[in-house]
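Before any comments, here is the structure.
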Amino acid sequence: MVESAADPLLLVTRLAGSGLFDDYTVYERPGLWTFAGGVAGEVILEPGVVRSRWLDGPSLTSATSMDPLESLVSLVSLGSVNSADSVNSFDSVDEPWSGRPAAALEAALRAAPWPVWNAYGWIAFEFAALTPAGRLAHLVVPRTEVRIEAGRALVVSVDPDEAERVAELLSGRGDVPRPPAPAPSPVDVRPGGDVYRSRVAQAISEIDAGLYEKVIVSRRLPIPFPVDVVATYACGRAANTPARSFLLDLDGFQSAGFSPEVLVSVDGHGTVTTQPLAGTRAFGRGEDVDSETRRELENDPKEIFEHAVSVRASQNELYRVCSPGTVRVTGFMTVKERGSVQHLGSSVSGELSPGRTGWDALDALFPGVTASGIPKTGAIDAIARLEEPRGLYAGAVLAVSQDGAMDAALVLRAVYSENGRAWLRAGAGIVSGSTPEREYEETCEKLSSIAPYVVPRA
């Protein structure tokens, strides 16, 4: 057995940095790391049109019924691909859509020409906008998928040759030595305070005027150098304790993040869970200081109110899609330690009503109440006025399967890179008891979950 298999972070970043795949997604759940490389199918949602393309040739079959193999790397071939031309031959279609964007995505994925598939990708915050603009979602069914769990890696691929190369990389046999990654270059989180505080003050005045109850106001922090996103993910993941983590490069857009919060998780039996976090204090400043700030967090009326209204909103959203009497709250106001911050957290769950799917749950819960506000319509309108477009920030990275299972992480504590520019972003929940200075400090605390670990591109 190859010793490096004990470190899934090393394995997935080795695959991401190998150059073998132009497009890939890494998605980490507790105990399970998935690397999804290449494109066998793809769905891109834009305003008014959904673009789909599907690999022409192989017939995908399920590998889940196979007994575990004793070897470190198990290979499962899904169909046969006879040439490189087959791998690059796609059937493409553009279809108009209107109404609910979640329904458009669901319909496009149902058209996949295979009985079994997993898809990975992202959804932009503007997915929920009344007048959406820009790319709203990008989901990919991978050509090769690697699932790393309990010290072993299972490789599933439509291309046997590619599967063999991936197995070599996982075992270290095919790993080309690379120069050590440069050290992180910490990003200063303080710039932009005056502009942000003025936006918070405007939001407080609108709350006092009764326009809405709560809004999350964020600020974008440009990074003054190109970023090695893979190395940043490796460095930042070692220092964070996320609910989910992700790394992706799809169509030239890169992001890596350490999500503190599960937006929606749906299992194959229809149990849906969301985990709202609201209320924040710094963490990681020493045991005595951390204990003191935890006591502050648990006893601050503003933070308690902010969390309680978020839990209430999540309950109301699940009532819309779950069977009566099944919605429940567990672990109410438990402190969650997430990198450089600690939050108040709760879990809200329920059983989907007959005829409802995970896409209905996503539609009900998106965007996350802890990254938008209450009521959502008023908060989303305020965000559009107070901020520039968010894109992936406060959207979701998700994994979805043909059997109805879905897992979506709220995108916060992330780095973003596109067209040679990179940036960070963080926000704070504004309610009637907020103060501009404290909310600005909260964004600095959140940015500090990733700013110290940003690695420049060589």
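We count residues from 1, following the sequence as given.
Side-chain contact of Glu42 with His138: a donor-acceptor pair under 3.5 Å is present, judged by distance alone. Between the side chains of Thr144 and Glu162, at least one donor N or O sits under 3.5 Å from an acceptor N or O. Judged purely by distance below 3.5 Å, without hydrogens or angles, the side chains of Ser372 and Lys214 never pair a donor atom with an acceptor atom. No side-chain N or O of Thr273 forms a donor-acceptor pair with one of Ser349 less than 3.5 Å apart.
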**Prompt:** How far apart are the C-alpha atoms of Phe35 and Phe21, what are their side-chain angles, what is the distance that settles it, and do they pass the ring pair (Phe, Tyr, Trp, His ring centres under 6.0 Å) test?
**Reply:** CA-CA 11 Å; Phe35 177 89; Phe21 300 98; 5.4 Å; yes
task: Verify side chain to side chain donor-acceptor pair (under 3.5 Å) between Tyr27 and Ser245, making sure each step is shown before the conclusion.
output: CA-CA 6 Å; Tyr27 193 67; Ser245 78; over 6 Å; no
Next on the checklist: Evaluate Arg390 against Glu126 for salt bridge (Lys or Arg N to Asp or Glu O under 4.0 Å), listing each step before the verdict.
Outcome noted: CA-CA 7 Å; Arg390 289 181 166 186; Glu126 284 73 25; over 6 Å; no
Review point. What's the verdict on salt bridge (Lys or Arg N to Asp or Glu O under 4.0 Å) for Glu46 and Arg51, showing C-alpha distance, side-chain angles and the deciding distance?
Key: CA-CA 8 Å; Glu46 297 174 345; Arg51 308 184 187 281; 3.1 Å; yes
- Applying salt bridge (Lys or Arg N to Asp or Glu O under 4.0 Å), run through Asp363 and Arg356 and close with a yes or a no. CA-CA 11 Å; Asp363 190 50; Arg356 294 287 195 173; over 6 Å; no
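With salt bridges taken as basic N to acidic carboxylate O contacts below 4.0 Å, none links Glu387 and Arg219. Between Lys376 and Glu317, at least one side-chain nitrogen of the basic residue sits less than 4.0 Å from a carboxylate oxygen of the acidic one, meeting the salt-bridge criterion. Arg143 has no carboxylate O lying under 4.0 Å from a charged side-chain N of Asp23, or vice versa, which leaves the two without a salt bridge. A salt bridge links Arg135 to Asp251: one of the charged nitrogens lies within less than 4.0 Å of a carboxylate oxygen. A salt bridge links Arg312 with Glu213: the closest approach of a Lys/Arg side-chain nitrogen to an acidic carboxylate oxygen falls below 4.0 angstrom.
At most 12 non-hydrogen atoms from other residues, nucleotides or ligands lie less than 6.0 angstrom from CZ of Arg421. Applying the 6.0 Å contact sphere to CG of Asp94 captures more than 12 heavy atoms from other residues, nucleotides or ligands.
Residues satisfying the side-chain contact (heavy atoms from CB on, under 4.5 Å) test with Arg110, not counting sequence neighbours, are Glu106, Thr357. Remark: Asp381 pairs with Arg385 by the salt bridge (charged side-chain N to carboxylate O under 4.0 Å, His left out) rule, at least two apart or across chains.
For the atom pair OG of Ser18 and OH of Tyr24, the computed distance is 9.0 Å after rounding to the nearest 0.5 Å.
Here the side chain of Ser259 pairs a donor or acceptor atom with the backbone of Leu410 at under 3.5 angstrom. One N or O on the side chain of His307 and one on the backbone of Leu344 form a donor-acceptor pair closer than 3.5 Å. Looking at Arg413, its side chain never comes within 3.5 Å of a backbone N or O of Val411 through a donor-acceptor pair.
Judged by the 6.0 Å and 45° rule, Arg53 forms a cation-pi pair with Phe90.
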